[in-house]
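Report on one structure; see the data block that follows.
All of these numbers come straight from a predicted model, not from anything done at the bench.
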Amino acid sequence: MQRRMLTKEEEGGNEDMEVRREDQEKINRFSSLHQKETGLEEELRSKIKEKEDLEEVSGELELVDEEEKVPYQVGDCFISLPQPQVLELLEATTETIDEEVGVLKEKLEKVQEEMGELKKALYGRFGRSINLET
């Protein structure tokens with residue numbers, strides 16, 4: 001594949017195009033949304049991993065005798081609880097994580113939607129002379 005320089009027409013205009021204050025505000029908003037998107041994606045991956053781990057632990061605990069005490073972490077310490085109670089606590093925690101994942105997905109969707117609108121506006125104004133690809 002051969003590489004070449006873009007002409008001014010292909011770039012979408014002349015180099016002397018003025019960046020207005022509102023354009024700079026849109027660029028800054030896009031940048032902050034991109035950082036927010038990255039943080040939300042990382043948090044979402046973490047919550048999904050945590051949920052998978054809890055489901056794996058729940059599966060293993062089902063094999064444990066019901067009368068046996070199981071260590072359960074509360075804060076920085078462990079307490080011994082009966083297996084059925086631990087399973088209930090894990091189920092409640094999993095449900096909470098499901099809710100948190102739903103909220104994170106909604107936030108991420110809103111951020112990506114706003115980023116898409118900003119991309120349209122900025123690419124419409126500057127063409128290929130601006131790079132908003134993440």
Handout entry: salt bridge (Lys or Arg N to Asp or Glu O under 4.0 Å) partner of Glu114, chosen from Lys26, Lys119, Arg29, Lys120
Key =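 For Glu114, the salt bridge (Lys or Arg N to Asp or Glu O under 4.0 Å) test succeeds with only one of Lys26, Lys119, Arg29, Lys120, which is Arg29.
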
Problem - Connected via hydrophobic side-chain network under 4.5 Å: Leu40 and Val103 - result: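 No, separate clusters.
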
Problem - Interatomic distance, Met115 atom CE to Leu108 atom CG [nearest 0.5 angstrom] - result: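 Between Met115 CE and Leu108 CG, I get 9.5 Å after rounding to 0.5 Å.
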
Exercise for the section: Can you sort out the partners of Asn28 under side chain to side chain donor-acceptor pair (under 3.5 Å), two or more places apart, ordered by chain and number? Expected result: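 Expected list: Gln24.
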
Practice task
List for me each residue that meets side chain to side chain donor-acceptor pair (under 3.5 Å) alongside Glu55, sequence neighbours excluded, and say none if there are none.
Solution key: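 Glu55 satisfies side chain to side chain donor-acceptor pair (under 3.5 Å) with no residue once adjacent residues are dropped.
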
Output side-chain donor-acceptor pairs under 3.5 Å for residues 42-53, partner residues at least two apart or in another chain, one line each.
from  : atom 1 : to     : atom 2 : distance (Å)
Lys47 : NZ     : Glu100 : OE1    : 2.7
Lys49 : NZ     : Asp53  : OD1    : 2.9
Lys49 : NZ     : Asp53  : OD2    : 3.3
Lys51 : NZ     : Asp98  : OD1    : 2.8

Problem - Nearest non-hydrogen partners of Leu122 and Ile130, listed with the distance - result: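 Answer, listing the atom of Leu122 first, then Ile130: O-CG2, 4.1 Å.
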
Exercise for the section: Output yes when Glu25 and Arg21 qualify as a salt bridge under the 4.0 Å nitrogen-oxygen rule, no when they do not. Expected result: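 A salt bridge links Glu25 with Arg21.
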
Give the table of side-chain donor-acceptor pairs shorter than 3.5 Å for residues 70-84, with sequence neighbours excluded, one pair per line with atom names and distance.
from  : atom 1 : to    : atom 2 : distance (Å)
Gln73 : NE2    : Gly75 : O      : 3.0
Gln83 : NE2    : Leu61 : O      : 2.8

Handout entry: Within 6.0 Å of CD in Glu41, more than 12 heavy atoms from elsewhere
Key =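 Yes, because the 6.0 Å sphere around CD of Glu41 holds more than 12 heavy atoms from other groups.
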
Practice task
Output all residues satisfying side-chain contact (heavy atoms from CB on, under 4.5 Å) with Lys110, sequence neighbours left out; order by chain, then residue number.
Solution key: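 Counting only residues at least two positions away or on another chain, Lys110 forms no side-chain contact (heavy atoms from CB on, under 4.5 Å).
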
Problem - Tyr123 vs Leu118 side-chain heavy atoms within contact, under 4.5 Å - result: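 Tyr123 vs Leu118: side chains apart.
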
Handout entry: Backbone N/O of Ile27 and side chain of Ser31: donor-acceptor pair under 3.5 Å
Key =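 Not a single qualifying donor-acceptor pair exists.
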
Only distances under 3.5 Å count here; give the side-chain donor-acceptor pairs of residues 86-97 to other protein atoms, sequence neighbours excluded, each with its distance to 0.1 Å.
from  : atom 1 : to    : atom 2 : distance (Å)
Thr93 : OG1    : Leu89 : O      : 2.9
Thr94 : OG1    : Leu90 : O      : 2.8
Thr96 : OG1    : Ala92 : O      : 3.0

